[in-house]
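In what follows, chains carry the letters A, B, and so on, assigned in the order in which the sequence lines appear, proteins first and then strands, with residues in each chain numbered from 1. This one's a predicted model, so the numbers in the text were calculated from it and none came from an experiment. Scope of the values below: all heavy atoms of this structure, side chains included, with no hydrogens, waters or symmetry mates.
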Amino acid sequence: MNTNLLIGIVALTALAQEARSELKWEQTSVDLKPALGDKQAVAHFKYENVGNTPIHFESVHASCGCTTAQTQNEQVAPGQKGEITATFNIGGRTGTQVKTVTVRTDDPNPAHSTTVLTLKAVITPLLEIQPTLVYWQNGEEPKPKIITAKANKDAAIKKLDVVSSVPDFTAKVDAGSAPNEFKISVQPRDTTKAVYATLTIKPDSPANTGNTFAVAARVMPPAPTSGTAITPSTKATVSTVRHDLVTPAPTAASPRQ
Amino acid sequence: MKVSAIRQALLLIALAFVPAIGEAIYFRDRVSWRSPDRSSEMVNLDQAQSWGANAIWVDARPDNEFEQGHVPGAIPLNEDRWNELLPTLLAQWSLEKKIVVYCSSQSCNASREVARRLRDEAGLKEVFVLQGGWETWLKSKR
C-alpha cells in the first residue's frame with residue numbers, strides 16, 4: 001500500500017516537472033495618449049518565460065502597415081524577461097486608433113502559442129477642420145463660404161495663417177463663436193471659370209512643430225449639357241480646363257480602364 | 001399538472017437564454033446592430049466598374065503597396081500622408097462622380113476609414129467602399 005502511494009507521488013512529481021514553456025505577458029493591451037504633434041506612439045509589451053524550456057518567436061505580425069513590432073530576442077530562455085516594442089506611426093490619423101500585433105511562438109500548447117497584443121491610441125489633432133472642401137458651381141454667386149477650424153484647447157493657438165495657392169480666392173480668418181474656434185471665410189473672385197486652390201492653414205502655436213493643414217476651394221467647371229454635340233472647339237476647351245485642374249498623381253499610373 | 005407545465009415553460013425559456021448570452025459575450029462585435037459596415041456604403045466590383053469614367057478610384061493602402069500595383073488611374077489617399085494626398089483627390093472630384101475606395105482585402109479597415117473621412121470631413125456624398133478590395137480586383141484580372 002505504502003509502495004503504491006510512493007509511486008503515485010513520484011509520478012505526480014514527474015508530471016509536474018514535465019518540460020513546458022510559457023510566455024507570461026505583463027499586459028496584452030496598452031492605452032496610449034500621444035502628445036500634440038507626436039509623430040509616433042510606442043507601446044512596450046513585457047513578457048517572461050515562466051516555463052522550463054526555451055521559447056522561440058515564429059512570427060510577429062502587425063495588423064497594418066502603420067505599425068511595426070520588434071522583438072528583443074529570437075529565443076527566450078526559461079526565466080528570461082523581455083519585451084516587444086510596437087511603434088505606431090500616427091501620420092494623418094485622428095481619433096481612437098486600435099492596432100494589433102499577433103505574436104506566434106513554438107509553444108506546443110495552442111492556447112499559448114498565439115497572443116494578440118492590442119495598442120490603443122487616442123490621437124487628438126491640433127486642429128479639427130470642417131469642411132475640408134468648399135466649392136461653387138460655375139456661375140453661382142461668389143458669396144463667401146465658411147470653414148470652421150476648432151483648435152485643441154491645449155495647443156494655445158492664437159491665430160491661423162491661411163494662404164491660397166492661387167490668387168483667385170481670398171481667405172479671411174475670424175474668431176469663432178466658441179472658445180478655440182476660428183472661422184475661415186473663403187471667397188472666389190469670379191465663378192465663371194473653373195479654378196482650384198489649395199488653402200494652406202498654418203496654426204501659430206508653441207505645440208506646432210511646422211505642421212500645416214490643407215483644405216481645397218474650387219469653382220466647378222460648367223456642367224456638361226446633355227445632348228450637346230461636342231465640336232472640336234468645345235472639346236479642346238474642356239480638355240484645357242481639366243489639364244489646369246488635375247494635379248498629377250505622385251506615381252505614374254496607367255490610364256483608367 | 002398546471003404547476004409542472006409552468007415550470008417546464010420557465011425551464012425552456014431559461015435554456016433559450018444560454019446560447020443568447022453566449023453570443024452576446026463571444027460575438028459581441030459581430031451582432032448586427034454593432035456592425036461597422038453599412039451596406040449602402042459598400043459596392044461590388046461589377047457595379048463599380050459599370051460606373052466607368054464617372055468613378056474615381058481611391059487607393060487607401062500604404063504608399064509601398066500602391067507602388068507595387070493599383071487599379072489603373074487610382075489616386076493614392078492613405079492616412080499616413082492624409083494632408084499631402086487629399087488635395088489631389090479634391091482637385092479631380094466633381095459632383096457627378098462617385099468615389100470608390102479600396103484597401104488590401106475584405107478584412108482591412110483603411111478603406112472604410114478613408115471613406116468615412118471623405119464623407120465627414122470633406123462633405124463628399126457618393127463615397128463607396130469596394131467589397132473585397134485590391135484582392136478582388138486582382139482575382140478579376142486573372
**Q** How close do A/A214 and B/P87 get, counting heavy atoms only, and between which atoms?
**A**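 The answer is CB-CG, 4.1 Å.
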**Q** So does B/A91 get a backbone contact from the side chain of A/R218, meaning a donor-acceptor N/O pair under 3.5 Å?
**A**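 Pair found, side chain donor or acceptor close to backbone of B/A91.
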**Q** So which of B/L89, B/L118, B/D80, B/N83 has the largest heavy-atom pair count under 4.5 angstrom toward chain A?
**A**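 It is B/D80.
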**Q** Show the atom names and distances, to 0.1 Å, of all donor-acceptor pairs under 3.5 Å that link a side chain in residues 118-128 of chain A to residues at least two apart or in another chain.
**A**
none

**Q** For A/R104, does the CZ atom sit with more than 12 other heavy atoms under 6.0 Å from it, leaving out its own atoms?
**A**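 Atom CZ in A/R104 is not packed in, count stays at 12 or less.
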**Q** Could you tell me which portion of A/S63 (side chain, backbone, both or neither) has an atom closer than 4.5 angstrom to a non-hydrogen atom of chain B?
**A**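 For A/S63, neither part sits under 4.5 Å from chain B.
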**Q** Once you round to the nearest 0.5 Å, how far does CZ of A/F213 lie from CG of B/L86?
**A**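 A/F213 atom CZ to B/L86 atom CG measures 13.0 Å (nearest 0.5 Å).
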**Q** Heavy-atom count around A/K150 NZ within 6.0 Å, excluding the residue itself: above 12?
**A**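 12 or below, so no.
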**Q** For chain B, which residues of residues 27-35 of chain A have at least one non-hydrogen atom nearer than 4.5 Å to it?
**A**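 Counting heavy atoms that sit under 4.5 Å from chain B, no residue of residues 27-35 of chain A is involved.
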**Q** What distance separates B/L90 CG from A/Y135 OH, expressed to the nearest 0.5 Å?
**A**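 Here the rounded value is 11.5 Å.
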**Q** Quick check on B/R117 against chain A: is it the side chain, the backbone, both or neither that has a heavy atom closer than 4.5 Å?
**A**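 Contact with chain A: side chain only.
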**Q** Going from CH2 on B/W82 to OG1 on A/T94, what distance comes out if it is rounded to the nearest 0.5 angstrom?
**A**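 That separation rounds to 9.0 Å.
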**Q** Please report the interatomic distance CD(B/E79) to SG(A/C64), rounded to the nearest 0.5 Å.
**A**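 Answer for the CD-SG pair, B/E79 versus A/C64, is 9.5 Å.
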**Q** How about A/E181: does its CD atom have over 12 heavy atoms from other parts shown lying under 6.0 Å from it?
**A**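 Yes, CD of A/E181 has more than 12 neighbouring heavy atoms, counting only those of other groups under 6.0 Å.
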